[in-house]
Amino acid sequence: MNAPIRTDPETGLKLFNTRAAKASDRIAGKGYSTLDDEALKTLPPPPPGAAFNAEEQAKYREFKESRVGAADYMAMEGEFSRYLEDVYSEPPVEREALVDECEILVVGAGFAGLLLWYKLQKEGFTDVRFCERGGDVGGTWYWNRYPGIACDVEAYSYLPLLEEMEYFPTMKFASGFEILEYCQKIAKKYGFYDHCLFHTTVGETVWDESTGRWTVTTDRGDKMHARYVVLANGILTTPRLARIDGMETYQGESFHTSRWDYNVDLKDKRVGIIGSGATAVQVVPEIAKIVKELYVFQRTPSSIDVRDQRATTPEEIEAWSKEPNWSIKRRERLATISSGRTALKGNDDFLSGKVTDFKKRKKHTTVLSPAELMKRQLNTNFRIMEQIRARVDATVKDPKTAAALRPYYPYGCKRPAFHDEFLPAFNLPHVTLVDTAPLGVSKINSKGIVHDGKAYPLDVLIYATGFQWMATATFEMIVGRDGRTLRQKWQEEGTKTFLGLHSNGFPNLFIMSGPQGGGGQFNFTRGIESHTDYVVWMLTTLRERGGGIVDIKKEPEIEYAEHCRQADINTQPFRDCVSYYNGEGKAEPGSLAYYGGPQKWHERRAAAQESMDAFVFAPAPA
């Protein structure tokens, strides 16, 4: 067996062997099931004449305003830090601390890290080092291994490098367990494991002007000096807990869904799950099959759309194996769909190229003004939500439960959910929805949850309370030229980046999939493709210039931040609810996701690459 750290005799570079062993064979599961009941896989038709009129707008507004200020999340510190412990791997591989130099240091070993390594090594970059908090590759698919986990974008477009790997997902919406195994296959094939330090969390990372390098420290005692640092640690990486009175007194078993504890046997137990977002929607149908009693504590209902899961057919595999770039073509066709719901449903005939469009196009005799176009889009959005609400009524037998499960906000304002077994689960005699609207669970004691004067004794309490959106702790650790962290700069000046990839005063730092980063779509893999292409282009450009330093000018950064702000404001009616997408209603416009659309971002990116006017290049210190 190789030592944790060794030297490559050909290159003189350090190679690593720090991948941790799996903690238990009990860590296994599946995603969405295939169903034969067509009624469960079909939305009711929209009611005749449905329109987003003043009465319906008032209903949406009341639903939103009643929840403003209800979201109160806390850091997992002190006694709650146990919810962050890695339960999936054996203890970290012991190794010596590194005090040395490398050319490129990347934070993260998920899709972005794997794809970046694939492209960098193709371009001849070898002195590349990855730091990953977990014990293996996979990123979000490493941490999230709860029962029922699956991707909500069709796997044929979502998984990167399918052609290169000669891999065909087994299901249209692959399970998270299959995706994790696929990530491991990529890492093995392309030698990623030799370049990654697992169970290594990056700490303070400080720019040193005298050397033109970043000094990167970690929780393993490392002090590495990197010419370039790339943040590839994702947009939903930091779990969060709702702050609930008395939660520290609970004496039963408890865990967060992103650290699912398979040592806790749920069979015949009384289980409570706090949250009804995208994670809980996938968890509830699975654990309902084994628990004695299940209480789902919901503050705000999700929109539960049709999933219609299916297996990949032998005919598809045969056709794709003969078609060059079959997955890339699907991904690009998917990117032409502007409707999030249409994109996430994944029309097979269109995505496979059998038909030239995914819908019949309406011909307008007059040019619509922006206001008229917005009105039409909101009406279309409203009709979809009416169908989703009608699905609840058609599926859930108890009227009171059905009423609580009906969502009143624009489609896509909160993360859309898809499932054909979630709503029917509430017809089971041992599954109970506890409606905690609008403020959420009010108290936890030593035995369970107390809400609205009623006690719910529990053996196991599961927190499905989600993640911080675009708020990785790394931003608080990166210290730039003026001594401020990236977070401090954005708090004092407002979020300012160029293309979401650079921030002035933080030279040789590249931020992937962060605030204001565009180029993607509902399929985040396309954004990662764009960002990794850009990073490789810039590093190649610097190499051709003899290496050195790149920063961004202030003026283009200011202009781009204003563009992001306006794009956010212009599309705000589609996000008029309380959601992590808008910082629970508190985020400044333009400070989080990019809402200018993929085409506009790519136009700006291409213009910057052609003119080079936005960049400041300087030689590295001798």
Side-chain angles (χ1 to χ4, degrees), residues 104 106-107 112 116 205 207 209 212 214 227-235 470-472 474-475 478-482 484-520 524 526-542 545 548-570 587-618:
I104 304 166
V106 184
V107 183
L116 183 62
T205 300
W207 176 253
E209 196 73 50
W214 289 97
R227 179 71 69 199
Y228 307 103
V229 169
V230 184
L231 302 184
N233 42 350
I235 57 175
M470 294 192 173
T472 172
T474 313
F475 294 157
I478 305 283
V479 182
R481 276 179 157 151
D482 62 1
R484 290 186 298 175
T485 66
L486 199 55
R487 175 74 67 213
Q488 286 172 332
K489 174 187 172 178
W490 292 348
Q491 287 175 339
E492 293 169 9
E493 301 179 14
T495 304
K496 286 188 173 58
T497 73
F498 184 66
L499 301 175
L501 291 158
H502 302 269
S503 195
N504 172 264
F506 295 82
N508 290 8
L509 176 71
F510 304 95
I511 308 164
M512 295 204 297
S513 301
Q516 301 181 344
F524 282 116
R526 189 169 186 265
I528 291 169
E529 285 273 15
S530 302
H531 292 187
T532 51
D533 281 345
Y534 179 91
V535 170
V536 173
W537 166 80
M538 179 57 80
L539 291 173
T540 302
T541 300
L542 286 160
R545 288 169 171 253
I549 298 170
V550 62
D551 200 351
I552 206 74
K553 295 176 182 175
K554 284 188 176 182
E555 293 77 12
E557 179 177 83
I558 292 170
E559 190 276 332
Y560 181 74
E562 178 59 23
H563 161 69
C564 293
R565 178 176 174 274
Q566 288 300 324
D568 194 341
I569 291 171
N570 292 342
E588 288 295 318
S591 64
L592 294 174
Y594 176 76
Y595 293 109
Q599 182 177 346
K600 180 60 67 177
W601 185 88
H602 280 291
E603 289 173 359
R604 286 174 166 265
R605 185 262 311 154
Q609 289 175 299
E610 182 177 352
S611 72
M612 305 294 278
D613 291 340
F615 309 110
V616 179
F617 293 98

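All values reported here derive from a predicted model rather than from experimental measurement.
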With the threshold set at 4.0 Å, does a side-chain nitrogen-carboxylate oxygen contact exist between [X] and [Y]?
X: Arg526; Y: Glu529; result: no
X: Glu557; Y: Lys554; result: no
X: Glu559; Y: Lys553; result: no

Can you see which heavy atom on [X] is nearest to which on [Y], and at what distance?
X: Val106; Y: Ala232; answer: CG1-CB, 3.9 Å
X: Ile528; Y: Ala112; answer: CG2-CA, 3.6 Å
X: Pro589; Y: Ile569; answer: CB-CG1, 3.8 Å
X: Ala608; Y: Phe615; answer: O-CE1, 3.6 Å
X: Val479; Y: Trp214; answer: O-CZ3, 3.1 Å
X: Ser513; Y: His531; answer: N-ND1, 3.0 Å

Is there side-chain contact between Val229 and Phe506, with heavy atoms separated by less than 4.5 Å?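 When only atoms from C-beta onward are counted, Phe506 and Val229 do not touch, as no gap falls below 4.5 Å.
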
Atom [atom1] of [X]: over 12 foreign heavy atoms under 6.0 Å:
X: Gln599; atom1: CD; result: no
X: Glu610; atom1: CD; result: no
X: Glu603; atom1: CD; result: yes

For a quick test of your reading: what N or O donor-acceptor pairs under 3.5 Å do the side chains of residues 495-502 make, sequence neighbours left out?
residue	atom	partner	partner atom	Å
Lys496	NZ	Glu493	O	2.5
Thr497	OG1	Gly500	N	2.9
Thr497	OG1	Gln516	OE1	2.7
His502	NE2	Tyr534	OH	2.6

For the pair [X] (side chain) and [Y] (backbone), establish whether a donor and an acceptor sit closer than 3.5 Å, ignoring hydrogens and angles.
X: Arg227; Y: Gly548; value: no
X: Lys600; Y: Gly518; value: no
X: Asn508; Y: Val550; value: yes

From CH2 (Trp207) to CG (Asp551), nearest 0.5 Å: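 Result: 8.5 Å between the selected atoms.
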
Does the structure place the NZ or CZ of Arg545 under 6.0 Å from the centre of the six-membered ring of Phe617, at an angle of no more than 45° from the ring's axis? yes

